[in-house]
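First up is the structure itself, then whatever we jot down about it.
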Amino acid sequence: MSSKPPLVEIRTSPHIHQGAGVEQIMINVVYALLPLTAFSIFQYGISVLALTITVVLTVLGTERLFARLSAKKDTLGDYSATITALLLALT
């Protein structure tokens with residue numbers, strides 16, 4: 001009688017799943033950037049608020065425009081364009 005050793009099962013990461021989708025992760029990143037944006041407005045004045053609003057609206061509008069021109073699905077719901085806009089405004 002030969003007993004076989006137990007098989008080792010190798011899988012790719014992540015091994016622990018949280019159940020959060022891309023949208024939830026991206027909105028958490030937006031929430032993490034809001035205190036930094038608020039501090040920037042406090043530190044440098046109201047012009048940063050105007051710049052941030054302008055950049056966010058421009059990026060979201062450009063995303064929607066190019067999605068319509070290329071006849072693809074709009075990706076504004078996953079907040080990736082919002083993250084890009086906030087990072088661009090904060091730079």
Side-chain angles (χ1 to χ4, degrees):
M1 288 198 236
S2 67
S3 72
K4 293 182 180 179
L7 295 175
V8 176
E9 194 171 325
I10 301 174
R11 295 184 183 186
T12 60
S13 61
H15 300 293
I16 299 174
H17 295 280
Q18 203 175 32
V22 173
E23 294 84 12
Q24 184 62 39
I25 294 169
M26 294 292 190
I27 196 68
N28 287 340
V29 174
V30 171
Y31 291 152
L33 287 173
L34 289 180
L36 182 61
T37 306
F39 180 74
S40 296
I41 293 169
F42 171 75
Q43 185 72 26
Y44 298 108
I46 198 76
S47 63
V48 175
L49 178 63
L51 174 75
T52 304
I53 290 171
T54 304
V55 170
V56 168
L57 291 177
T58 302
V59 168
L60 294 179
T62 304
E63 174 75 19
R64 183 173 293 256
L65 173 71
F66 280 102
R68 285 191 182 184
L69 288 177
S70 63
K72 292 189 177 181
K73 184 181 173 261
D74 208 354
T75 60
L76 294 179
D78 69 354
Y79 297 98
S80 60
T82 307
I83 292 171
T84 302
L86 284 174
L87 291 173
L88 184 64
L90 290 170
T91 328

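In what follows, residues are counted from 1 in the order of the sequence shown.
Each salt bridge (Lys or Arg N to Asp or Glu O under 4.0 Å) pair with one or both residues in residues 81-91, not counting sequence neighbours, would appear here, but there are none. Listed by first and then second residue, the side-chain hydrogen bond (donor to acceptor under 3.5 Å, both in side chains) pairs involving residues 38-49 amount to none (not counting sequence neighbours).
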Acceptor/donor pairs from residues 81-91 side chains to any protein atom, 3.5 angstrom cut, sequence neighbours excluded:
| from | atom 1 | to | atom 2 | distance (Å) |
| --- | --- | --- | --- | --- |
| Thr84 | OG1 | Ser80 | O | 2.9 |
| Thr91 | OG1 | Leu87 | O | 2.4 |
| Thr91 | OG1 | Leu88 | O | 3.4 |

Would you tabulate the side-chain donor-acceptor contacts of residues 27-38 under 3.5 Å, counting partners in other chains and residues two or more places apart, or write 'none'?
| from | atom 1 | to | atom 2 | distance (Å) |
| --- | --- | --- | --- | --- |
| Asn28 | OD1 | Gln24 | NE2 | 3.3 |
| Asn28 | ND2 | Gln24 | O | 3.3 |
| Thr37 | OG1 | Leu33 | O | 2.9 |

In residues 50-66, what donor-acceptor pairs under 3.5 Å come from side-chain atoms, sequence neighbours left out?
| from | atom 1 | to | atom 2 | distance (Å) |
| --- | --- | --- | --- | --- |
| Thr52 | OG1 | Val48 | O | 2.7 |
| Thr54 | OG1 | Ala50 | O | 2.7 |
| Thr58 | OG1 | Thr54 | O | 2.7 |
| Thr62 | OG1 | Thr58 | O | 2.7 |
| Glu63 | OE2 | Thr75 | OG1 | 2.3 |
| Arg64 | NH2 | Asp74 | OD2 | 3.4 |

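Closest heavy-atom contact between Tyr79 and Glu23: CD1-O, 4.1 Å.
Members clustered with Phe42: Phe39, by chain and number, using a 4.5 Å side-chain heavy-atom cutoff among hydrophobic residues.
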